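Order of listing sets the numbers, starting from 1, for every ligand and every atom in it. From a predicted model like this one, the values you see are computed outputs, not experimental measurements. Residue numbers count from 1 along this sequence.
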Amino acid sequence: MAAKKKPAPPSTTPARRRSQEWFGREGKMGFIYRSWVKNRGLPHDQFDGRPVIGICNTYSELTPCNSHFRTLAEQVKIGVWEAGGFPLEFPVMSLGETLLRPTAMIYRNLASMDTEESIRANPLDGVVLLMGCDKTTPALLMGAASVDLPTIGVSGGPMLSGFYRGERIGSGTNTWSLSEDLRAGKITEHEFHEAESCMHRSHGHCMVMGTASTMASMVEALGIGMPGNAAFPAVDARRNVLAREAGRRIVDLVKQDVRMSKIITRAAFENAIRINAAIGGSTNAVIHLIAVARRLGVKLSLEDWDEFGRGVHTLLNLMPNGKYLMEDFCYAGGLPVVIRELGLAGKLNKNALTVNGKTIWDNVKDARNDNPEVIMSFAKPFKRDTGIAVLRGNLAPDGAIIKPSAATPELMQHKGKAVVFEDIDDFHARIDDPKLKIDADSVMVLKNSGPKGYPGMAEVGNMPLPPRILKKGITDMVRISDGRMSGTAYGTVVLHVAPEAAAGGPLGLVRDGDLVELDVKNRKLQLHVSDAELEKRRATWKAPDVKPSRGYVKLYIEHVNQASEGADLDFLVGGSGSAVPRDNH
Ligand code: FES
């Protein structure tokens, strides 16, 4: 009979790895922690103290943008094995933007809790986050930030370009334009359906510079992703190589104890804000990055978005602001070219560290632009001075934002009479009514679409225009709401008004015919109604009746912060670290 083999000794590394608190144990607990994991055929020496890497996977058939993540996870695993680590893949709640109702955003915080608790509760030393569709990226970054282990983000990559009748069509962006063409009678139902089949033709996330591509760019900009993370298409072999390299690299980060908080610093956020302006990125990045910063204890406010975005130009001629798509961006050289331009223009914290061990400047200083029509230079940009503008005034005491690169320049200074919709149902019920009193100079105001009011702060801020205005060939009007806008959308759309109407913000007091002034240059959003009149209205104002009796939505409504604070749940702000004090048996 073979001699009884002793359990693996604890790690001999100077700092005992976190995973050894499980796998390096003697006696009953060591047996429990190892034996069940051995059920897939792992040898005893697998538990010898090598870095244990969690691969946090948001694969789901209900999240079309993440449908290739099994392959991606396999590549990360190969990389981890190659570097002498021990990979363990685990699922967390996945959030598919197009299927989840009432909005994926309401579940971002729930998925972040799942991520945080899954990482902390398990024997992991480091983690690779697999992220793609819009909310999966911030949810996983937020959750991982609250644990603060060594972490690398790997994005799934954008889809190949959509093509319809010889023209590029972009996710979402052309969904909005085609549906407006249909409403205006410019195309038939048949053509509409044909375009639907031509838009999304490979694995990957939306291939315009929408929220998913923006957040993948933010992962690279913050240094928490590998160079190339933003733009390699999902089906490009280089995406798999990137995943494999991330698998190798996370093992080093664990050995060197380079935690997430050493990478995502205040300097990294400043870079990300400027890079978001240079790519013409989504307004959703504002909420998500503030939420991630607050998890890490980094001070980041709306004012920072205004300050660091000022004087930065949009360099990319990509939808929804321009005409090309993410595949074109990749072939032009991708995000390193943009970052290099910012570095040369003196708008980059060059020493910010990234997960590959180099500074952000080292990663990009030799980047080459292979298509100046897609990526323009800082000296001759696609659009000038297009950082996210933060507006204030009696209509938005805690701020509101607008994306100048997606707006109509002539409407950026505008006064018009409000046409008010009490909520999105009211909007849908009346917008096609030929008797609706509205003209091209009106300001469309949508209430109760914020975090508490919708609930979940849906992407409804880019309200479609009334058919009779569209038929005149007018495609943009000033629109204001406490909701969000899809990153694929465009228009002169003021978003994230805070406090929201449902939380008692002044937006809830606006009435039809009130004069509203938008002045982006002076960062002003003003309701020209006297304070006395507003006080009178406030006395009769009633909060909307959104009071679920149970479950997550009840928790969400009771605890969600306003958009200006990242719309996180109040009790999730900050982190709890990685310590777990007790055994499970
Ligand atoms: Fe998933 Fe756009 S729907 S990224």
ask   = Would Asp134 and Asn284 satisfy side chain to side chain donor-acceptor pair (under 3.5 Å), going step by step from the backbone distance to the final call?
value = CA-CA 9 Å; Asp134 293 13; Asn284 285 319; 4.9 Å; no
message = With salt bridge (Lys or Arg N to Asp or Glu O under 4.0 Å) as the criterion, how do Arg248 and Glu245 come out once you've worked through the C-alpha distance, each side chain's angles and the decisive distance to 0.1 Å?
response = CA-CA 5 Å; Arg248 290 176 182 172; Glu245 284 177 346; 5.2 Å; no
query = Under the ring-ring contact (aromatic ring centres under 6.0 Å, His included) criterion, do Phe421 and Phe427 qualify, and how do the steps go?
reply = CA-CA 5 Å; Phe421 301 98; Phe427 170 79; 5.1 Å; yes
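The distance cut-off of 2.8 Å around atom 1 (Fe) of ligand 1 captures these protein N, O or S atoms, sorted by chain and number: Cys65 SG, Cys133 SG.
Looking only at distances, no side-chain donor or acceptor of Ser213 sits under 3.5 Å from a matching main-chain atom of Met207.
Residues Pro464 and Ile431 form no side-chain contact, since every pair of their non-hydrogen atoms from C-beta on lies 4.5 Å or further apart.
By the salt bridge (charged side-chain N to carboxylate O under 4.0 Å, His left out) test, Arg168 is found to be paired with Asp328, residues two or more places apart in sequence or in another chain being considered.
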